[in-house]
Amino acid sequence: MGKYQIAVIVGSLRRDSFNRKLANALAKLAPSEFSFKQVQIGDLPLYNQDDDAQQAASVLRLKNDLKAAQGFLFVTAEYNRSIPGVLKNAIDHASRPYGQSAWTGKPAGVLGVSVGATGTALAQQHLRNVLAYLDVPVLGQPEAFLQAKDGLFDAAGNIGTDSKKFLQSWMDQYLAWVKKHTA
Ligand SMILES: Cc1cc2nc3c(=O)[nH]c(=O)nc-3n(C[C@H](O)[C@H](O)[C@H](O)COP(=O)(O)O)c2cc1C
């Protein structure tokens, strides 16, 4: 296991999700001192504040995974010009009970891929709002708005040639951001 653990939160449950593929490919761009774990959010119950005193096992698992990490990587789809409900549900769960948020203070990166030309820009902006409230410092630049097109991934699931240089640079700056906030 690497020195820095990154909890990866994929904002899509779709079997062949582009965002999950992107998350998998990005992890391969990091040096071995970083390890990546995609946290499970698909089995979380719908958030209900009545349950705060006795959070479900799946919620406690998520919070433990987040607490064990030095940084967060959000790779999200855009649904109706915002973040998918499953992602917001996970964020809300891990932010509670009040005063016991698993998000606070850890560095994050936000990016995503959509079929539309706006490349999840609006979802990312909404997510940045939420994370600001949760006291999560998010890498500001560079931003990464990706459109799902042929060639984004190669046959082995790596980032394709056209996007490789840009996404390697994005990852390098994200990883430096994590280190800076972990030092
Ligand atoms: C409910 C729903 C709403 C969507 N809204 C948007 C949108 O606002 N912007 C966009 O670019 N794509 C939108 N899409 C298309 C997604 O970009 C596309 O389904 C993409 O594959 C989702 O990411 P994934 O492959 O990781 O699941 C929407 C898809 C669904 C199912």
Side-chain angles (χ1 to χ4, degrees), residues 5-30 34-48 58-59 61-62 65-66 69 71-95 103 108-134 136 138-171 173-175 178:
Q5 288 184 62
I6 305 297
V8 182
I9 306 98
V10 176
S12 169
L13 303 183
R14 195 169 74 87
R15 196 178 310 109
D16 296 321
S17 163
F18 295 123
N19 284 282
R20 191 169 304 283
K21 280 184 193 161
L22 178 60
N24 290 335
L26 288 171
K28 294 192 231 170
L29 300 180
F34 288 88
S35 53
F36 294 79
K37 177 176 180 176
Q38 288 182 24
V39 299
Q40 210 182 328
I41 63 170
D43 62 347
L44 299 174
L46 286 178
Y47 177 76
N48 180 338
S58 55
V59 176
R61 181 203 62 222
L62 171 67
D65 284 345
L66 299 176
F72 307 132
L73 180 60
F74 291 85
V75 189
T76 189
E78 177 172 288
Y79 281 179
N80 299 315
R81 298 294 185 251
S82 188
I83 56 174
V86 287
L87 176 55
K88 185 59 163 55
N89 188 53
I91 291 172
D92 291 343
H93 270 300
S95 72
W103 301 109
V110 166
L111 77 177
V113 52
S114 75
V115 296
T118 54
T120 74
L122 287 160
Q124 289 186 41
Q125 206 57 48
H126 281 183
L127 180 55
R128 284 175 184 275
N129 251 16
V130 174
L131 295 177
Y133 175 72
L134 291 173
V136 175
V138 180
L139 178 70
Q141 296 292 339
E143 297 171 300
F145 308 126
L146 302 166
Q147 189 173 18
K149 283 183 177 164
D150 284 349
L152 180 59
F153 305 104
D154 68 17
N158 298 305
I159 303 292
T161 318
D162 289 352
S163 305
K164 179 81 186 290
K165 192 175 167 203
F166 169 69
L167 284 172
Q168 183 66 65
S169 168
W170 190 93
M171 272 304 270
Q173 289 172 80
Y174 163 69
L175 298 174
V178 171

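Ligands are counted one by one from 1 in listed order, and the atoms in each one are counted from 1 as well.
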Has K28 got more than 12 heavy atoms of other residues, nucleotides or ligands less than 6.0 Å from its NZ?
->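 Correct, the count exceeds 12.
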
List, pair by pair, the atoms of ligand 1 and of the protein that are both N or O and lie under 3.5 Å apart, giving the separation rounded to 0.1 Å.
| unit_1 | atom_1 | unit_2 | atom_2 | d |
| --- | --- | --- | --- | --- |
| ligand 1 | 5 (N) | E78 | O | 3.3 |
| ligand 1 | 5 (N) | N80 | N | 2.8 |
| ligand 1 | 8 (O) | E78 | OE2 | 3.3 |
| ligand 1 | 8 (O) | N80 | N | 3.1 |
| ligand 1 | 8 (O) | R81 | N | 2.8 |
| ligand 1 | 8 (O) | R81 | NH1 | 3.1 |
| ligand 1 | 9 (N) | E78 | OE2 | 2.8 |
| ligand 1 | 9 (N) | R81 | NH1 | 2.8 |
| ligand 1 | 11 (O) | S114 | OG | 2.9 |
| ligand 1 | 17 (O) | V115 | N | 3.2 |
| ligand 1 | 23 (O) | N19 | ND2 | 3.3 |
| ligand 1 | 25 (O) | R14 | NE | 3.2 |
| ligand 1 | 25 (O) | R14 | NH2 | 2.8 |
| ligand 1 | 25 (O) | F18 | N | 2.9 |
| ligand 1 | 26 (O) | S17 | OG | 2.6 |
| ligand 1 | 26 (O) | F18 | N | 3.3 |
| ligand 1 | 26 (O) | N19 | N | 3.0 |
| ligand 1 | 26 (O) | N19 | ND2 | 2.7 |
| ligand 1 | 27 (O) | S12 | OG | 2.7 |
| ligand 1 | 27 (O) | R14 | NE | 3.1 |

For the residue pair Y174 and W170, categorise the inter-ring angle as parallel (less than 30°), tilted (30 to 60°) or perpendicular (more than 60°).
->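 Parallel: the ring planes of Y174 and W170 meet at under 30°.
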
Supply the atom-to-atom distance H93 NE2 to L46 CG, rounded to the nearest 0.5 angstrom.
-> 7.0 Å

To the nearest 0.5 Å, what is the distance between CG (N19) and CG (N24)?
->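 So the gap between those two atoms works out to 11.0 Å.
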
Might you work through the salt bridge (Lys or Arg N to Asp or Glu O under 4.0 Å) test for D162 and K149, ending with a clear yes or no?
-> CA-CA 11 Å; D162 289 352; K149 283 183 177 164; over 6 Å; no

Would you say W103's side chain and V136's backbone share a donor-acceptor pair under 3.5 angstrom?
-> no

